[in-house]
Amino acid sequence: MEQIVPGDIVALSAGDMIPADLRLLSAKDLFINQSALTGEAMPIEKSASAVNRSADDAFDLPNICFMGSNVVSGYATGLIVHTGSTTYFGQLADTIAGSGCGRASRRASTGSLG
């Protein structure tokens, strides 16, 4: 995972951890567990379909997966858009550590992924 950079394409299947924030390019029966980030107990279905609307919460976007989540079932390919401390998970860790107060919550609430 240390060598993944934005622009890389990764393959995902059941049991995989999401290595970085990514945009799905293709997906088949993909269910993601985001409980570490959202607190939701049930996995969420994700798809590669384009979204023609803005979302109040980035977690509501069906074609975006976040580092810190894992694949429960299905498979997909995705384009890496953020890695390391620029991921939602990384910014959340910075906020908790006190070195980036507010950045993670602002980005998730505006849906900014680019």
Side-chain angles (χ1 to χ4, degrees):
M1 277 203 309
E2 300 111 30
Q3 297 180 7
I4 291 176
V5 297
D8 283 354
I9 295 180
V10 295
L12 302 169
S13 61
D16 288 346
M17 292 294 293
I18 306 295
D21 293 353
L22 59 86
R23 175 13 173 125
L24 292 172
L25 301 174
S26 67
K28 176 75 172 153
D29 300 325
L30 184 67
F31 284 84
I32 302 293
N33 180 345
Q34 298 182 150
S35 62
L37 300 170
T38 64
E40 291 183 35
M42 300 301 292
I44 299 173
E45 186 171 14
K46 297 285 187 168
S47 66
S49 58
V51 177
N52 293 327
R53 60 176 168 76
S54 64
D56 292 330
D57 187 357
F59 294 114
D60 292 337
L61 295 169
N63 59 352
I64 303 295
C65 296
F66 295 93
M67 179 179 176
S69 304
N70 66 296
V71 180
V72 175
S73 63
Y75 56 91
T77 57
L79 175 70
I80 302 295
V81 293
H82 292 288
T83 59
S85 63
T86 63
T87 63
Y88 179 81
F89 190 79
Q91 290 182 359
L92 182 62
D94 285 349
T95 299
I96 291 169
S99 63
C101 293
R103 288 188 327 192
S105 60
R106 263 197 319 272
R107 193 174 111 201
S109 66
T110 62
S112 173
L113 291 167

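Quantities reported herein were computed from a predicted structural model and do not represent experimental measurements.
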Point to revise | Ile44-Leu12 co-clustered via ILVMFWY side chain contacts under 4.5 Å | key: no

Review point. With hydrophobic residues grouped by side-chain heavy-atom distances under 4.5 Å, do Ile96 and Leu37 end up in a single group?
Key: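 Same cluster.
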
Practice item. Could you name each residue pair satisfying side chain to side chain donor-acceptor pair (under 3.5 Å) that touches residues 36-48, not counting sequence neighbours? Key: Gln34-Lys46, Ser47-Ser49

Pairwise side-chain contact, [X] with [Y], heavy-atom cut-off 4.5 Å (strictly under):
X	Y	answer
Leu24	Ile64	no
Asp94	Ser85	yes
Pro6	Val81	no

Practice item. Mind checking the OG1-CG spacing from Thr83 to Leu22? Nearest 0.5 Å is all I need. Key: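 Between atom OG1 of Thr83 and atom CG of Leu22 there are 11.5 Å.
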
Point to revise | Euclidean distance, Cys65 SG relative to Asp16 CG, rounded to 0.5 Å | key: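 One finds 11.5 Å between CG of Asp16 and SG of Cys65.
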
Point to revise | Over all atoms of both residues, closest heavy-atom pair of Gly84 and Thr87 | key: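 Looks like O-OG1, 2.8 Å.
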
**Study point:** Ile18 vs Ile32, side chain to side chain contact (heavy atoms under 4.5 Å, CB included): CA-CA, chis, key distance, verdict
**Key:** CA-CA 9 Å; Ile18 306 295; Ile32 302 293; 4.0 Å; yes

Show which side-chain atoms of residues 66-76 pair as donor or acceptor with protein atoms under 3.5 Å away, not counting sequence neighbours.
residue	atom	partner	partner atom	Å
Ser69	OG	Phe66	O	3.0

Exercise for review: Supply the members, apart from Met42, of the Ile/Leu/Val/Met/Phe/Trp/Tyr cluster built from side-chain contacts under 4.5 Å; use none for a lone residue.
Suggested key: none

